[in-house]
Amino acid sequence: MDEKFTITQQQRLTELNFPEEELNRTFESREERDKAFKELEKEGVKHHRLHLEGLMGIRHQTLAMESEKQMEGWLMGEGFTRVATPSILTRPMLERMTITREHPLTEQVFWLDDKRCLRPMLAPNLYEVMRDLHRITRGPVRIFEAGSCFRKESQGAQHLNEFTMLNLVELDGVAEGQQMERLRQLATGAMEALGMDDYQLVEEESEVYGTTLDIEVEGVEIASGAFGPHFLDEKWGIFQPWVGIGFGIERIAMIKGGYRTIKRVGKSISFLDGSPLHL
Ligand code: ATP
Ligand code: MG
């Protein structure tokens, strides 16, 4: 007789992060199955307990936070300054990003009322800040922000409704024609800072952003880079070459931790640093 784990058992083992193969095991009898389940559950609970104890006793920061810090340290060394802008955007700011009614992102925006929404990206605010800083300094502007972005997503394994974007931008840092090379250089530097050496840089054509450079790890997009001059720039009062890359911090943590679902490493009251709090 082929006995499989019950749905409830499978859910529990999934919560404890056991791999797919483990969930699909078959057994001669129910007793054997239940015995195996108990053993696995015990092993999983022990693993996560140790993990959480290590987090609270030694590491003191999650993989996501550690990744953000690694990026921050590297960026400051490269002359980038961290800024913080509001999570609430006005409609005109979003529209200037061409996220008008026809754009696919429109459907994903959380509106607070007629005029204000939760930012789905950092770019609009960074456009403003880098333009103003350039007006003041007249020289290269290198800034970055790391903060929550919000998108209504159909909740796949790689999407959160609230996630942490780290977006770096450099205005007037390289001459026209050298933006892609600079993007590749920054992407490579970031991956080195993160200690991730198995990745692909993928060039793509995008309607809104022109030629873009994605960073992919194991087929998962962890960052998207774009550059200008670009048709949107004029609306923002920007006339010099720029490059920018937006990283998904939880995507990075998910890959580093070897997790199959991003919710384990997202902002949560059910999971902490990949481990379930319901142990
Ligand atoms: P995808 O195609 O995977 O939905 P995207 O191309 O729409 O992502 P971008 O706008 O390029 O995303 O955002 C930059 C980065 O932010 C992405 O490369 C990804 O790492 C991260 N990101 C985007 N949306 C989400 C989300 N809903 N949850 C977690 N991370 C996200
Ligand atoms: Mg992208």
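Read the numbers this way: they start at 1 and go in the same order the structure lists the ligands and their atoms. The basis for the numbers below is simple: all heavy atoms, side chains too, and nothing from hydrogens, waters or symmetry mates.
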**Report entry** F163-ligand 1 polar pair, N/O distance under 3.5 Å
**Finding:** no

Query raised in the report: Is M165 in polar range of ligand 1, meaning some N or O pair under 3.5 Å apart?
Result: no

Query raised in the report: Is a side-chain donor or acceptor of Y259 paired with a backbone partner of A253 at a separation under 3.5 angstrom?
Result: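 No, Y259 side chain to A253 backbone: no donor-acceptor pair under 3.5 Å.
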
Query raised in the report: Closer than 2.8 Å to the Mg ion (ligand 2), which protein N, O or S atoms?
Result: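 Listed by chain and number, the nearby protein N, O or S atoms are E221 OE2, S224 OG.
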
Starting from [atom], find the nearest protein heavy-atom neighbour and note its residue, name and distance.
atom                    : value
atom 21 (C) of ligand 1 : G248 CA, 3.6 Å
atom 19 (C) of ligand 1 : R251 NH1, 3.4 Å
atom 17 (C) of ligand 1 : E221 OE2, 3.3 Å
atom 28 (N) of ligand 1 : L160 N, 2.9 Å

Query raised in the report: Between E128 and R96, is a salt bridge (Lys or Arg N to Asp or Glu O under 4.0 Å) present by the stated rule, with each step listed?
Result: CA-CA 11 Å; E128 288 275 299; R96 235 187 288 165; 3.1 Å; yes

What part of [X] sits under 4.0 Å from ligand 1 if we count only heavy atoms: the side chain, the backbone, both or neither?
X    : value
D214 : neither
R151 : side chain
E153 : side chain

Report task. Specify whether H51 and H48 have parallel, tilted or perpendicular ring planes, treating 30° as the upper limit for parallel and 60° as the lower limit for perpendicular. Result -> perpendicular

Would you mind running through ligand 1 and noting each atom that sits below 4.0 Å from a heavy atom of [X]?
X    : answer
A223 : 18 (O)
G246 : 14 (C), 15 (C)
S224 : 11 (O), 18 (O)
H159 : 1 (P), 3 (O), 4 (O), 26 (C), 27 (N), 28 (N)
I222 : 18 (O), 20 (O)
I262 : 29 (C)

Query - F27/F5 aromatic ring centres below 6.0 Å - result: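 Under 6.0 Å, so yes.
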
Query raised in the report: Of all residues at least two apart in sequence or in a different chain, which pass the ring-ring contact (aromatic ring centres under 6.0 Å, His included) check with F227?
Result: none

Requested in this report: Identify, with sequence neighbours excluded, every residue that meets ring-ring contact (aromatic ring centres under 6.0 Å, His included) alongside Y199.
Outcome: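 Partners of Y199 under the ring-ring contact (aromatic ring centres under 6.0 Å, His included) test: none.
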
Query raised in the report: Taking atom types as modelled and ignoring hydrogens, do the side chains of T212 and E204 form a donor-acceptor contact shorter than 3.5 angstrom?
Result: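 The criterion, which ignores hydrogens and geometry beyond distance, is not satisfied for E204 and T212.
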
Report task. Could you tell me whether the side chains of T211 and E205 share a donor-acceptor contact shorter than 3.5 Å? Result -> yes

Report task. Mark yes or no: K152 above the aromatic ring of F110, with NZ or CZ under 6.0 Å from the six-membered ring centre and no more than 45 degrees from the axis. Result ->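 Yes, a cation-pi geometry holds between K152 and F110.
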
Query raised in the report: Does NZ or CZ of R91 lie under 6.0 Å from the centre of the six-membered ring of W111, at an angle within 45° of the ring axis?
Result: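 So R91 does make the cation-pi contact.
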
Requested in this report: Could you note down all residue pairs passing salt bridge (Lys or Arg N to Asp or Glu O under 4.0 Å) where residues 247-259 supplies at least one of them, sequence neighbours left out?
Outcome: none

Query raised in the report: Taking all atoms of both residues into account, what is the closest heavy-atom pair of N167 and G246, and its distance?
Result: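 It is ND2-N, 3.9 Å.
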
**Report entry** Heavy-atom closest pair, residues C149 and L122
**Finding:**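 Scanning both residues completely, I find the closest heavy atoms to be SG-CD2, 3.7 Å.
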
Query raised in the report: Between atom CD of E181 and atom CG of L186, what is the distance when rounded to the nearest 0.5 Å?
Result: 11.0 Å

Requested in this report: May I ask whether E250 places a heavy atom under 4.0 Å from ligand 1?
Outcome: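 Outside the 4.0 Å threshold, so no.
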
